[in-house]
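Computation of the quantities below employed the complete heavy-atom set of this structure, encompassing side-chain atoms and omitting hydrogens, waters and symmetry-equivalent molecules. Order of listing sets the numbers, starting from 1, for every ligand and every atom in it.
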Amino acid sequence: MQDVCGPRGERILITGGAGFIGSHLADALVAENDVRVLDDLSTGFRAQVPDGAELFEGDVCDPDALDAAMDGVDTVFHEAAMVSIPKTVADPLASNEVNVTATLRLLERARAESARVVCASSAAIYGNPDRVPVSETDPLRPTSPYGVQKQTLDHYTRLYTDLYDLETVVLRYFNVYGPRAEAGEYGDVVSVFFRQGRAGGPITIEGSGEQTRDFVHVDDVVQANLRAATTDAVGEAYNVGCGTETTVSALAEKIRALTGGDAEITHVDRRPGDIDDSLADISKARERLGYEPTVDLDEGLDSVV
Ligand code: NAD
C-alpha cells in the first residue's frame with residue numbers, strides 16, 4: 001500500500017473492525033495508535049482483529065457497549081453495518097436499527113467526545129445512475145433498504161459538521177474486494193466467482209455479463225480512510241472507487257484463469273433491481289483528499305489468490 005500519513009498517537013475506535021474492511025484498517029493503524037474494535041462478530045471474526053488492538057465484543061445498537069467503546073476516542077471509523085442487501089430487504093426495520101439508528105447514536109456520542117467520524121457509505125445510494133462515471137452531486141435513487149439506509153447515514157453524518165461543527169467525512173465505497181472478503185456476508189461478485197472457480201465451476205454470471213462495475217482494492221479503501229482521518233476537507237462525501245470499469249464477463253474470465261482455467265461460465269437471470277453500470281468519478285477524492293488508487297485489478301486479484 002502507498003505510504004500514507006494517517007493518524008498517529010490517537011485513541012481510535014473501529015466499529016466492525018473484525019470484518020473485511022475494518023480489519024484491514026485496524027492492521028494499518030495499530031502500530032501507531034491505541035486501537036479499539038467494537039464488533040458483535042455477526043459476520044466478522046475475532047482472529048481478524050490484529051494483535052495490539054483491543055476487541056470490545058458488543059452490538060453498536062447497544063448504547064452501553066457503544067458508550068464504553070467510545071470513551072475518550074479521538075477518531076471513529078464506522079464500518080459496522082448490516083451489509084447484506086437481501087437481509088435489509090427481508091427486514092427493513094431491524095436493518096434500519098443497525099445502519100441508521102446506531103449511526104445517529106454514534107454521532108451523538110462523538111459530539112460529546114469532539115471525536116472525528118469517518119463513515120462507510122456506499123455506491124448503492126446512487127441506485128441505477130443516469131450516467132457514468134457518477135459524481136457525488138448526481139441524484140441519489142437507492143433501490144434497496146440498504147441503499148436508503150446508507151443514504152440516510154451519509155446525510156446525517158455530513159449534517160453533523162454543518163450543525164454541530166463535528167469533523168466528519170463520508171466515504172462512498174464502490175465494489176471493494178481483496179483478501180478476507182470471502183469470509184464476509186457482502187456477497188460480492190469477486191468472492192462469489194472465486195468460490196465457484198475454486199470448486200471447479202460453474203461460474204454463474206447474472207444476465208449478459210456486459211454490466212460494468214468499479215472494483216476497488218481494499219488497500220485503496222484503507223488509504224482513503226487514512227486520508228479522511230487527517231484531511232481539513234470535512235463535512236463532505238467522497239466516492240472511493242478505482243475509476244475504471246470492468247465488465248462482469250471480463251471479471252469471470254480473469255477469475256477462471258486464476259482458479260485453474262477449467263470452470264464453465266454460465267448465465268442465469270439477473271436479479272430484479274440489479275444495476276447496469278457502476279463507475280466512480282473519483283476526481284473529488286483526488287483533489288481534496290489526495291487519494292490515488294494504487295492497485296489495478298490484475299494485481300489486486302493476484303492478492304486474493
Ligand atoms: P463485513 O461484514 O466484513 O464487516 C462488517 C463488520 O461489522 C463485521 O465484522 C460484523 O461482525 C460487524 N457488525 C455487523 N453488525 C454489527 C453490530 N450490530 N454491532 C457490532 N458489529 C457489527 O463487511 P465489509 O465489506 O467489511 O463492510 C464494511 C462497511 O463497508 C459496511 O458499512 C458496508 O456497508 C460498507 N461497504 C462495503 C462494500 C464492499 O464492497 N465490501 C461496499 C460499499 C460499502
Side-chain angles (χ1 to χ4, degrees), residues 13-27 36-49 53 55-66 68-70 76-85 87-88 91 94-103 105-106 117-126 142 144-154 157 170-192 213-222 224-225 228 237-242 275 278 280 300 304:
L13 173 65
I14 306 171
T15 72
F20 164 46
I21 297 169
S23 66
H24 282 276
L25 194 50
D27 287 347
R36 291 172 180 172
V37 163
L38 174 61
D39 201 300
D40 67 356
L41 304 180
S42 52
T43 60
F45 300 91
R46 189 184 299 275
Q48 291 186 159
V49 177
L55 174 64
F56 287 58
E57 192 177 334
D59 186 343
V60 284
C61 299
D62 172 357
D64 293 335
L66 188 65
M70 291 216 33
V76 184
F77 295 92
H78 184 38
E79 305 295 321
M82 189 173 281
V83 299
S84 155
I85 291 178
K87 277 191 180 171
T88 71
D91 200 341
S95 52
N96 199 76
E97 282 294 311
V98 184
N99 293 346
V100 179
T101 309
T103 304
R105 201 172 282 124
L106 181 147
V117 179
V118 180
C119 213
S121 179
S122 169
I125 70 176
Y126 295 114
S144 63
Y146 174 79
V148 172
Q149 291 156 9
K150 286 289 180 185
Q151 177 184 354
T152 308
L153 152 159
D154 186 303
T157 303
V170 174
L171 299 176
R172 297 177 179 169
Y173 305 157
F174 279 63
N175 284 64
V176 189
Y177 72 99
R180 300 179 208 158
E182 266 182 89
E185 261 206 1
Y186 204 80
D188 68 292
V189 62
V190 174
S191 298
V192 170
R213 296 292 180 265
D214 184 335
F215 296 105
V216 57
H217 193 269
V218 67
D219 281 357
D220 286 324
V221 173
V222 168
N225 273 278
Y238 300 94
N239 286 342
V240 178
C242 206
I275 62 170
S278 172
V304 179

Trainee: When you measure from the side chain of Ser121 to the backbone N and O of Leu171, does any donor-acceptor pair fall under 3.5 Å?
Mentor: no
Trainee: Would the distance check show the side chain of Asp214 and the main-chain N or O of Cys242 forming a donor-acceptor pair, the cut-off being under 3.5 Å?
Mentor: yes
Trainee: Need the ligand 1 atom indices (1-based, order shown) with element for anything under 4.0 Å from a heavy-atom of Ser122.
Mentor: 43 (C), 44 (C)
Trainee: Output yes when the distance from some N or O of ligand 1 to some N or O of Phe45 is under 3.5 Å, and no in every other case.
Mentor: no
Trainee: Would Tyr173 count as being in polar contact with ligand 1, using the rule that some N or O on each side must be under 3.5 angstrom apart?
Mentor: no
Trainee: With a cutoff of 4.0 Å, is Ala102 in contact with ligand 1, counting heavy atoms of the residue only?
Mentor: no
Trainee: Regarding ligand 1, does Val98 bring an N or O atom to under 3.5 Å of one of the ligand's N or O atoms?
Mentor: no
Trainee: For Glu79, state whether at least one heavy atom is located under 4.0 Å from any atom of ligand 1.
Mentor: yes
Trainee: Under 3.5 Å between any N/O of Ile21 and any N/O of ligand 1: does that happen in this structure?
Mentor: yes
Trainee: What do you reckon, does Thr43 have a nitrogen or oxygen under 3.5 Å from a nitrogen or oxygen of ligand 1?
Mentor: yes
Trainee: Begin from the C-alpha positions of Val240 and Asp220 and carry the test side chain to side chain contact (heavy atoms under 4.5 Å, CB included) through to its verdict.
Mentor: CA-CA 8 Å; Val240 178; Asp220 286 324; 5.9 Å; no
Trainee: Search all heavy atoms of Ala18 against all heavy atoms of Ser23 and return the closest pair with its distance.
Mentor: C-CB, 4.4 Å
Trainee: Taking 4.0 angstrom as the limit and counting only heavy atoms of Ser42, give me the atoms of ligand 1 inside it, by number and element.
Mentor: 10 (C), 11 (O), 13 (N), 14 (C), 15 (N)
Trainee: Would you check whether His78 reaches within less than 4.0 Å of ligand 1, judged by its heavy atoms?
Mentor: no
Trainee: Can you tell me if Ser121 contacts ligand 1 (heavy atom of the residue under 4.0 Å from the ligand)?
Mentor: yes
Trainee: When you compare ligand 1 with Gly19, is there at least one nitrogen or oxygen pair between them that comes in under 3.5 angstrom?
Mentor: yes
Trainee: Evaluate Gly22 for polar contact with ligand 1, using N/O atom pairs at a separation under 3.5 Å.
Mentor: no
Trainee: Is the closest heavy atom of Tyr177 to ligand 1 under 4.0 Å?
Mentor: no
Trainee: Quick one: do the Gln149 and Thr88 side chains pair a donor with an acceptor below 3.5 Å?
Mentor: no
Trainee: Judging by distance only, is a nitrogen or oxygen of Val176 under 3.5 angstrom from one on ligand 1?
Mentor: yes
Trainee: Does Asn175, backbone or side chain, put an N or O under 3.5 Å from an N or O of ligand 1?
Mentor: no
Trainee: What atoms of ligand 1 come within less than 4.0 Å of a heavy atom belonging to Val83?
Mentor: 2 (O), 23 (O), 27 (O), 31 (C), 33 (C), 34 (O)
Trainee: Going by the order shown, which atoms of ligand 1 are within less than 4.0 Å of some heavy atom of Gly16?
Mentor: 6 (C), 7 (O), 9 (O), 12 (C)
Trainee: If you take all heavy atoms of Arg213 and Ile275, which pair is closest and at what distance?
Mentor: NH2-O, 3.0 Å
Trainee: Show the numbers, then the answer: is there a side chain to side chain contact (heavy atoms under 4.5 Å, CB included) between Phe215 and Asp188?
Mentor: CA-CA 10 Å; Phe215 296 105; Asp188 68 292; over 6 Å; no
Trainee: Would you say the side-chain atoms of Asn99 pair up with the backbone N or O of Met82, donor to acceptor, closer than 3.5 Å?
Mentor: yes
